[in-house]
Amino acid sequence: MLADVPMVFILVGIAAYTVLSGADFGAGLWTLVPGGGSGLQASVAATRDHTRHAIGPVWEANHVWLIFVLTVAWTCYPGAFGSIVSTLAIPLLIAAIGIIFRGTAYALRSQFSRDEEHGVRLVEYLFALSSVLTPFALATVIGAIATGRVPVGNARGDLVTSWLNPVSVLAGVLAVAFSGYLAAVYLAADAQRLT
């Protein structure tokens, strides 16, 4: 019974990371495919500016939940943690690179003025792509674990098919869609508050 207590902490951390960082990742998705209306260009720029404004205060702080989950997992369940990290090294590397590129792109964006359209566009695409790849990769990890494709032992599972399978890919697509929906709800509420 006592050995299950850390699992409760891990599940709470995953839920908090999914909801809080999911909204941030979804905001990145909305910078990639911003909605428009009459005057499409004005709406695209306004949507991108609004997403940056809305996620500004918490844009990377939510990764503390991910660090919490990883720390509890490797401390309390080292065998399982080693099996997961060694078998699913590719999607975890993609997620880590996505998190780094996302933070870099967010920080670089403020260095460009609106006149430097090429640089702004490049940085925003990097931010958006990172915001889509990261939740996709993390969800494929969950899909691989849920379908039992991570056997116990160091790199015992297949490095590719363990996470690139129909269930894991569906989990990744659902994570991106969930993030986009959650961000849309938060952004709409924030826009309502600002008007």
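- Taking Thr71 as the reference, nothing meets the side-chain hydrogen bond (donor to acceptor under 3.5 Å, both in side chains) condition, with sequence neighbours excluded.
- Ile10 and Val12 fall into different hydrophobic clusters, where Ile, Leu, Val, Met, Phe, Trp and Tyr residues are linked whenever their side-chain heavy atoms come under 4.5 Å apart, directly or through other members.
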Derivation of the side-chain contact (heavy atoms from CB on, under 4.5 Å) call for Ile99 and Leu66
CA-CA 11 Å; Ile99 289 169; Leu66 182 62; 3.9 Å; yes
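- From Ser131, atom OG reaches atom CH2 of Trp30 across 13.0 Å, with rounding to the nearest 0.5 Å.
- With contacts defined as side-chain heavy-atom distances shorter than 4.5 Å, the pair Arg102/Asp24 qualifies.
- Following chains of ILVMFWY side-chain contacts shorter than 4.5 Å, one can reach Ile84 starting from Leu11, so the two form part of one hydrophobic cluster.
- Taking the side-chain hydrogen bond (donor to acceptor under 3.5 Å, both in side chains) definition, one finds that Ser179 meets it with nothing, sequence neighbours left out.
- Residues Val169 and Leu164 come closest through the heavy atom pair CG2-CD2, 4.1 Å.
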Going through the distances and angles, do Ile94 and Ile90 end up as a side-chain contact (heavy atoms from CB on, under 4.5 Å)?
CA-CA 6 Å; Ile94 291 169; Ile90 295 171; 4.1 Å; yes
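- Atoms CG and OH, on Leu126 and Tyr106 in that order, are 14.5 Å from each other to the nearest 0.5 Å.
- When all heavy atoms of Ser162 and Ala144 are compared, the closest pair comes out as O-CB, 2.9 Å.
- Listed by chain and residue number, Glu117 satisfy the salt bridge (charged side-chain N to carboxylate O under 4.0 Å, His left out) test with Arg121 (two or more places apart in sequence, or in another chain).
- Under the 4.5 Å side-chain heavy-atom criterion for Ile, Leu, Val, Met, Phe, Trp and Tyr, Ile14 and Leu138 are members of the same hydrophobic cluster.
- Judged as a ring pair (Phe, Tyr, Trp, His ring centres under 6.0 Å), the pairs with a partner in residues 65-99 (not counting sequence neighbours) are, in order, Trp74-Phe81.
- With a 4.5 Å cut-off on side-chain heavy atoms, Leu88 and Ile145 count as touching.
- In this structure, the ring pair (Phe, Tyr, Trp, His ring centres under 6.0 Å) partners of Tyr17, at least two apart in sequence or on a different chain, are His63.
- Contact of the Asn154 side chain with the Ser86 side chain is registered, since non-hydrogen atoms from C-beta on lie closer than 4.5 Å.
- The distance from atom CG of Asn62 to atom CD1 of Ile67, rounded to the nearest 0.5 Å, is 11.0 Å.
- Shown here for Ala137 and Pro91, the closest heavy-atom pair between the two residues is CB-O, 3.4 Å.
- Between the side chains of Asn165 and Ser168, at least one donor-acceptor pair of N or O atoms lies under 3.5 Å.
- Taking each heavy atom of Gly143 and Val167 in turn, the nearest pair found is O-CG1, 4.4 Å.
- Counting only residues at least two apart or in different chains, ring pair (Phe, Tyr, Trp, His ring centres under 6.0 Å) contacts with residues 141-191 are absent.
- The hydrophobic clustering, which links ILVMFWY residues whose side-chain heavy atoms are closer than 4.5 Å, places Leu20 and Ile142 apart.
- In this structure, Gly26 and Ala183 approach most closely via the heavy-atom pair C-CB, 3.3 Å.
- With Val141 as the fixed residue, the side-chain contact (heavy atoms from CB on, under 4.5 Å) test singles out one of Thr87, Leu92, Val150: Leu92.
- Scanning both residues, Thr31 and Ala128, for their nearest heavy atoms gives OG1-CB, 3.5 Å.
- Tracing side-chain contacts under 4.5 Å through hydrophobic residues (I, L, V, M, F, W, Y), one never reaches Phe136 starting from Leu170; they form parts of separate clusters.
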